[in-house]
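All remarks here apply to the structure that follows.
Start at 1 and go down the list; that is how both ligands and their atoms are numbered. Atom set for the values below is all heavy atoms of this structure, side chains included, hydrogens, waters and symmetry mates excluded.
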Amino acid sequence: MYSVKEALTKATQQIKGISDIPNKEARILLASYLKKDQLWLITHDGEEIVEEGYFKLIERRFNNEPIEYITNSASFYGRDFYVDSNVLIPRPETEILVDEVISTCKGIKRPTIVEIGTGSGIISIVLALLIPDAIITAIDISKEALKVAQKNAEKYEVDDRIEFIHSDLCENYKKKNFDMLVSNPPYIANDESLHIGLSYEPSMALYGGKEGDEILKNIINIFIEKNVKNLACEMGYDQKDAITNYLKDFNLKANFYKDLARLDRGFVINK
Ligand SMILES: C[S@@+](CC[C@H](N)C(=O)[O-])C[C@H]1O[C@@H](n2cnc3c(N)ncnc32)[C@H](O)[C@@H]1O
């Protein structure tokens, strides 16, 4: 048995080689382990209540497992979502994609929105919360991911407003002429070597093909074939030229946006 203070000191030492914020992560993991909040840890730092089980979590973190998978919790757009290793951990830059969709849908009454590759459901769920009259369909090729998305939709009580469909792209979704297609698809090239932390995330959520932009191009094809009015996609920082060239063949132009690091990160096409 360790006191809160002793446990935090020991845990911080153990993960300081792999984390930039070891003390903060040790606290987050302890709060999660004890099912208490951060303030409780401060006010009870002398209490001897920490068992060895806590150090099993610290060991997982030491092995580079992302903290979000250990706590089953990730933040997106100021809200907390359930995550596990079946889904990508939400990235802050994807909030910009959500903002792009919201500004495109402004002025459209009861916008019909389809998301390809919903993962944990974060994009569709935040859109359902922020565009209350939107009619949303969320697709994923992974049944396990769809279970996570459904769980999150129930948490935010929007499960009756989002239709979840198990499908490879739009194979099982036949409707056309909708207002908005949105996607944060896998866009990393198959042979790219990644940081060890990413090896815990599903490869189906990361890799987009030999070049990396194959799924993005398929989504552009769907946008054209289904006569969708608007398209918003996240992409890799180095894919702007490839997308621009691909769109030229269809006489289409995209407005590209950057992320907070000023890297090209996505695009919007309005017909
Ligand atoms: C990069 S993750 C994005 C997850 C979530 N939308 C987000 O932004 O955090 C891509 C998602 O696309 C799904 N996916 C990959 N290939 C797909 C395909 N061919 N059809 C439908 N979904 C696919 C993966 O299972 C994964 O959940």
Side-chain angles (χ1 to χ4, degrees), residues 66 68-69 72-102 113-130 136-153 156 158 162-174 180-190 192 194 197-223 225-226 231-237 239 257 259 265-267:
E68 291 88 346
Y69 287 154
N72 291 125
S73 159
S75 171
F76 184 74
Y77 225 96
R79 292 163 178 88
D80 194 63
F81 290 87
Y82 173 86
V83 291
D84 61 28
S85 58
N86 291 306
V87 296
L88 188 93
I89 296 165
R91 306 293 202 265
E93 55 268 27
T94 306
E95 296 186 0
I96 307 172
L97 179 66
V98 169
D99 289 338
E100 293 288 345
V101 175
I102 291 170
I113 302 174
V114 176
E115 183 195 4
I116 294 180
T118 195
S120 59
I122 48 153
I123 295 175
S124 286
I125 292 168
V126 172
L127 290 173
L129 291 169
L130 298 181
I136 302 174
T137 304
I139 292 168
D140 207 287
I141 199 168
S142 157
K143 277 190 178 160
E144 291 71 29
L146 285 169
K147 280 186 203 151
V148 172
Q150 177 74 33
K151 186 181 171 102
N152 281 319
Y156 285 103
V158 290
I162 302 173
E163 185 186 9
F164 290 103
I165 297 183
H166 178 232
S167 176
D168 181 354
L169 300 173
C170 283
E171 247 171 47
N172 300 333
Y173 182 77
K174 301 295 172 207
M180 181 95 227
L181 180 59
V182 56
S183 186
N184 172 19
Y187 51 70
I188 298 173
N190 288 350
E192 199 170 314
L194 302 173
L198 288 172
S199 68
Y200 287 88
E201 301 197 74
S203 47
M204 213 191 284
L206 297 172
Y207 296 109
K210 192 170 175 294
E211 302 298 327
D213 57 16
E214 286 86 342
I215 295 183
L216 273 166
K217 288 175 178 166
N218 280 332
I219 289 170
I220 293 170
N221 295 344
I222 291 169
F223 167 68
E225 285 158 19
K226 285 190 174 288
L231 173 66
C233 286
E234 190 168 308
M235 62 173 199
Y237 69 93
Q239 291 171 335
Y257 65 83
D259 63 19
R265 186 53 65 199
F267 61 90

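- Two residues are said to be in side-chain contact when any heavy atoms from C-beta on lie closer than 4.5 Å; Leu194 and Ser199 fail this criterion.
- Nearest protein heavy-atom neighbour of atom 5 (C) of ligand 1: Thr118 O, 3.3 Å.
- The closest protein non-hydrogen atom to atom 9 (O) of ligand 1 is Ile122 CD1, 3.4 Å.
- Distances below 4.0 Å separate heavy atoms of Asp168 from the following atoms of ligand 1: 18 (C), 19 (N), 20 (N).
- When heavy-atom distances to ligand 1 are checked against a 4.0 Å cut-off, Ser120 has no atom that comes that close, whether in backbone or side chain.
- Looking at atom 20 (N) of ligand 1, its nearest protein heavy atom turns out to be Leu169 N, 2.8 Å.
- By the criterion of a heavy-atom distance under 4.0 Å, neither the backbone nor the side chain of Ile89 is placed next to ligand 1.
- The minimum heavy-atom distance linking Ser124 with Ala138 is given by the pair OG-CB, 3.6 Å.
- Below 4.0 Å from some heavy atom of Glu115 lie the following atoms of ligand 1, by number and element: 6 (N).
- When the heavy-atom distances from atom 13 (C) of ligand 1 to Asn86, Asp140, Ile123 are ranked, the shortest goes to Asp140.
- Residue Gly121 places no heavy atom under 4.0 Å from ligand 1.
- Counting non-hydrogen atoms of other residues, nucleotides and ligands closer than 6.0 Å to NZ of Lys174 gives a total above 12.
- At the top of the distance list for atom 15 (C) of ligand 1, counting protein heavy atoms only, stands Met204 O, 3.3 Å.
- Between Asn152 and Ser120, the side chains place no donor N or O within less than 3.5 Å of an acceptor N or O (distance only, hydrogens not considered).
- If you check each of Ala205, Ala138, Ala149 against atom 1 (C) of ligand 1, the one with the closest non-hydrogen atom is Ala205.
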Please lay out, stage by stage, how Tyr257 and Leu97 fare under the test side-chain contact (heavy atoms from CB on, under 4.5 Å).
CA-CA 9 Å; Tyr257 65 83; Leu97 179 66; 3.5 Å; yes
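- Atoms of ligand 1 lying under 4.0 Å from any heavy atom of Ser167, numbered from 1 in the order shown and given with element: 20 (N), 21 (C).
- At least one side-chain heavy atom of Leu206 sits less than 4.5 Å from a side-chain heavy atom of Glu201.
- Closest of all the heavy-atom pairs between Ala153 and Ile125 is N-CD1, 3.4 Å.
- Within the listing of ligand 1, atoms 1 (C), 2 (S), 3 (C), 7 (C), 8 (O), 10 (C) sit less than 4.0 angstrom from a heavy atom of Asn184.
- Side-chain N or O atoms of Glu163 include none that pairs as donor or acceptor with a backbone N or O of Thr137 at under 3.5 Å.
- At least one heavy atom of Thr94 sits closer than 4.0 Å to an atom of ligand 1.
- Taking every heavy atom of Ile141 and a limit of under 4.0 angstrom, the matching atoms of ligand 1 come to 14 (N), 15 (C), 16 (N), 17 (C), 18 (C), 19 (N), 20 (N), 21 (C), 22 (N), 23 (C), 25 (O).
- Scanning all protein heavy atoms for the shortest distance to atom 12 (O) of ligand 1 gives Gly117 CA, 3.2 Å.
- Rounding to the nearest 0.5 Å gives a distance of 10.5 Å between CD of Glu171 and CD1 of Ile139.
- Enclosure of atom NZ in Lys217 by more than 12 non-hydrogen atoms of other residues, nucleotides or ligands within 6.0 angstrom is indicated.
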